[in-house]
Amino acid sequence: MNILVINCGSSSLKFQLINTDSEEVIAKGLCERIGIDGSRIVYSPAGGEKQIKESDMPTHTEAIKLVINALTNSQTGVVKSLDEIGAIGHRLVHGGEKFAFSTIINDEVIKAVEECNELAPLHNPANLIGVAACRELMPNTPQVGVFDTAFHQTMPEEAYLYGLPYEYYEKYKIRRYGFHGTSHSYVSERAAKLMQVPYEASKIIVCHLGNGASVTAVKNGKSIDTSMGLTPLEGLVMGTRSGDLDPAIIEFIAQKENKTLAEVLQILNKKSGVLGLSGGFTSDFRDLEEASAAGKQNAIRTINVFAYRVAKYIGAYTAAMNGVDGICFTAGVGENSHTVRTKVCEYLGYLGVTIDEEKNAVRGEEIIISTPDSKTKVMVIPTNEELAIAREALALVNANR
Ligand code: AMP
């Protein structure tokens with residue numbers, strides 16, 4: 001079956017058409033600047049040339065129309081008609097406590113996801129606009145929602161509760177939810193295979209280090225703790241997000257800089273993390289690595305803070321699971337930056353970790369980078385959220401036939 005995977009943001013839409021028999025990507029692309037001047041679609045059919053076309057996209061409906069036209073185009077398309085697309089899998093960010101699993105999307109599900117909107121005001125409404133556009137244009141094609149939060153619904157309450165008045169959890173559902181669940185689930189399962197241990201009897205720590213970053217403790221195939229919280233602001237130092245900090249800092253900055261709460265939160269989300277620590281230099285690790293090799297202090301300190309925070313979480317999650325069999329690095333930084341991997345692993349001597357530097361020099365390849373005698377295995381496992389979404393969609397469509 002061909003499954004169209006859609007990841008819809010407020011002004012962008014990424015798509016991949018995946019053949020679930022071969023698990024190959026048949027075509028992929030991106031619609032950018034939806035609702036803004038200069039919108040364009042980038043379309044890459046497998047084995048064909050990448051095409052970029054400027055086209056008006058006042059709303060996501062026009063964007064999906066352009067995606068459908070590109071996929072079915074008689075010259076450069078990859079399917080003859082929409083009948084060759086068996087299902088659509090949507091990445092949905094926040095499913096709150098309502099969704100511990102992926103689900104076939106119907107009116108009831110849409111209402112329940114809308115009720116989670118206040119927990120992810122930037123993401124969920126955009127995701128739902130994509131769902132509505134697909135339902136309008138492909139009303140007979142089953143649509144499946146795959147939630148970023150679902151995998152973490154197995155966290156026990158000691159991991160998900162904050163030290164706040166309990167009534168806030170009862171009244172407002174303020175608790176830790178976690179994100180990147182599709183990635184953590186996919187990577188941890190691959191890791192168990194690579195280590196040749198049963199997933200249901202394994203202790204794995206996944207470090208998803210991208211522009212957004214999180215660490216998850218996966219015990220016996222289930223997430224038992226993760227570093228992101230009610231929102232994706234908690235946890236690691238990220239591209240532009242601060243991660244963990246003393247909450248009193250928020251009022252302190254507001255007073256010192258004469259800013260509103262919303263303005264301070266904007267700083268914590270958009271101007272902090274790697275970008276902030278490097279003195280506004282960059283949020284991209286490629287630039288940081290280059291500058292650090294050239295001896296630039298702002299780059300060196302930023303990489304040091306980033307790596308230290310990752311190592312701290314690995315320590316915490318080793319304690320939470322009473323041990324660890326394997327540690328995985330994934331996503332843009334985790335898959336590509338051997339500097340970050342090396343720095344993190346320098347803290348892991350107590351776990352008997354030794355790294356094979358030749359293997360650690362790889363980029364974006366599934367590989368064990370620890371030496372054969374390393375007590376804990378360390379791996380690089382490229383994530384593939386789109387494939388994981390397509391697999392979920394296929395399983396649900398088959399189960400509901
Ligand atoms: P993601 O959010 O997973 O797409 O990761 C994006 C981030 O990965 C970028 O902002 C970079 O910091 C980092 N990245 C991507 N490619 C490389 C590379 N070749 N070397 C180091 N970092 C990289």
Side-chain angles (χ1 to χ4, degrees), residues 5 7-10 12-16 25 28-30 32 42 44 91 93 122-123 126 148 178-188 190 206-216 226-228 231-233 235-243 269-294 296 298-307 309-310 328-345 357 359-367 369 379-389:
V5 177
N7 182 351
C8 210
S10 54
S12 71
L13 184 154
K14 288 190 211 142
F15 64 94
Q16 279 194 10
V25 177
K28 64 179 179 180
L30 164 73
E32 291 174 307
V42 182
S44 309
R91 176 188 180 215
V93 167
L122 294 180
H123 295 99
D148 259 23
F179 299 86
H180 296 139
T182 312
S183 174
H184 288 295
S185 157
Y186 173 86
V187 170
S188 55
R190 292 292 321 160
V206 180
C207 307
H208 177 112
L209 311 179
N211 200 25
S214 63
V215 185
T216 295
T226 190
S227 59
M228 283 178 169
T231 74
L233 186 53
L236 300 178
V237 172
M238 306 179 217
T240 62
R241 292 179 216 143
S242 63
N269 271 301
K270 300 277 181 209
K271 300 232 161 93
S272 301
V274 168
L275 177 66
L277 271 167
S278 65
F281 167 54
T282 186
S283 64
D284 195 306
F285 270 80
R286 282 162 287 205
D287 305 333
L288 272 187
E289 283 184 341
E290 207 181 300
S292 150
K296 295 273 190 309
N298 60 339
I300 294 168
R301 81 168 166 250
T302 303
I303 295 179
N304 286 346
V305 174
F306 180 88
R309 184 77 59 90
V310 176
C328 319
F329 290 96
T330 193
V333 180
E335 291 168 28
N336 291 298
S337 173
H338 64 90
T339 314
V340 167
R341 295 193 296 254
T342 301
K343 283 223 174 275
V344 171
C345 290
E357 278 312 328
K359 288 190 177 139
N360 189 27
V362 300
R363 276 183 202 288
E365 195 182 302
E366 200 167 279
I367 187 171
I369 59 168
M379 292 153 275
V380 174
I381 300 194
T383 192
N384 194 339
E385 285 162 287
E386 290 79 12
L387 177 59
I389 291 173

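Counting convention: from 1, in listed order, for ligands and their atoms alike. Count residues from 1 along the sequence.
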*Asks:* What do you reckon, does S337 have a nitrogen or oxygen under 3.5 Å from a nitrogen or oxygen of ligand 1?
*Replies:*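 By distance alone, the answer is no.
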*Asks:* Quick one: does H208 get an N or O within less than 3.5 Å of an N or O on ligand 1?
*Replies:*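 Min N/O separation from ligand 1 is not below 3.5 Å for H208.
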*Asks:* Using a strict 4.0 Å cut-off to heavy atoms of V333, name the atoms of ligand 1 that fall inside it.
*Replies:*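 Heavy-atom distances to V333 below 4.0 Å select 8 (O), 12 (O), 13 (C).
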*Asks:* L209 and side-chain contact (heavy atoms from CB on, under 4.5 Å): which partner among T330, V310, N336?
*Replies:*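 Among the candidates, only V310 passes.
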*Asks:* Which ligand 1 atoms does A331 reach within 4.0 Å, using its non-hydrogen atoms?
*Replies:*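 Listed by number with element: 3 (O).
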*Asks:* Starting from atom 6 (C) of ligand 1, find the nearest protein heavy-atom neighbour and note its residue, name and distance.
*Replies:*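 Answer, as residue, atom name and distance: N211 N, 3.8 Å.
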*Asks:* Please report which non-hydrogen protein atom sits nearest to atom 11 (C) of ligand 1, along with the residue it belongs to and the distance in Å to one decimal place.
*Replies:*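 Going by distance alone, atom 11 (C) of ligand 1 is nearest to D284 OD1, 3.3 Å.
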*Asks:* Rounded at 0.5 Å granularity, tell me how far OG in S337 sits from CG in N360.
*Replies:*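 If I round to the nearest 0.5 Å, the distance is 9.0 Å.
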*Asks:* Heavy atoms of the protein only: does one fall short of 4.0 Å from atom 3 (O) of ligand 1?
*Replies:*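 Yes; the ligand atom in question has protein heavy-atom contact below 4.0 Å.
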*Asks:* May I ask you to check whether F285 has an N/O atom sitting below 3.5 Å from an N/O atom of ligand 1?
*Replies:*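 Yes, F285 has an N/O under 3.5 Å of an N/O on ligand 1.
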*Asks:* Compare every heavy atom of G243 with every heavy atom of R309, then report the nearest pair and how far apart it is.
*Replies:*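 Scanning both residues, the minimum pair turns out to be NH1-C, 4.0 Å.
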*Asks:* Roughly how far apart are H208 NE2 and L236 CG, rounded to 0.5 Å?
*Replies:*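 It comes to 10.5 Å.
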*Asks:* Atom CD of residue position E357 - does it have more than 12 heavy atoms of other residues, nucleotides or ligands inside 6.0 Å?
*Replies:*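 Check passes, neighbour count above 12.
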*Asks:* If you round to the nearest 0.5 Å, how far is CD of E365 from NZ of K359?
*Replies:*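 One finds 11.0 Å between NZ of K359 and CD of E365.
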*Asks:* Do me a favour and list the nearest non-hydrogen protein atom to atom 14 (N) of ligand 1 with residue, atom name and distance?
*Replies:*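 Result: G332 O, 3.6 Å.
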*Asks:* In terms of residue, atom name and distance, what is the protein heavy atom nearest to atom 21 (C) of ligand 1?
*Replies:*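 For this ligand atom, the closest protein heavy atom is R286 CG, 3.7 Å.
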*Asks:* What's the spacing between T339 OG1 and E290 CD if we round to 0.5 Å?
*Replies:*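 CD of E290 is found 11.5 Å from OG1 of T339.
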*Asks:* Any idea which protein heavy atom is nearest atom 18 (C) of ligand 1, and the distance to it?
*Replies:*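 So the nearest neighbour among protein heavy atoms is N336 CB, 3.3 Å.
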*Asks:* How close do P232 and F179 get, heavy atom to heavy atom, and via which atoms?
*Replies:*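 So the minimum-distance heavy-atom pair works out to N-CE1, 3.6 Å.
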*Asks:* To the nearest 0.5 Å, how far apart are OH in Y186 and CD1 in I381?
*Replies:*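 If we round to the nearest 0.5 Å, Y186:OH and I381:CD1 are 8.5 Å apart.
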*Asks:* Counting from 1, what ligand 1 atoms have a heavy atom of G210 closer than 4.0 Å?
*Replies:*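 Close to G210: 1 (P), 2 (O), 3 (O), 5 (O).
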*Asks:* Give the residue and atom name of whichever protein heavy atom lies nearest to atom 19 (N) of ligand 1, and the separation in Å to one decimal.
*Replies:*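 Closest protein heavy atom to atom 19 (N) of ligand 1: R363 NH1, 3.2 Å.
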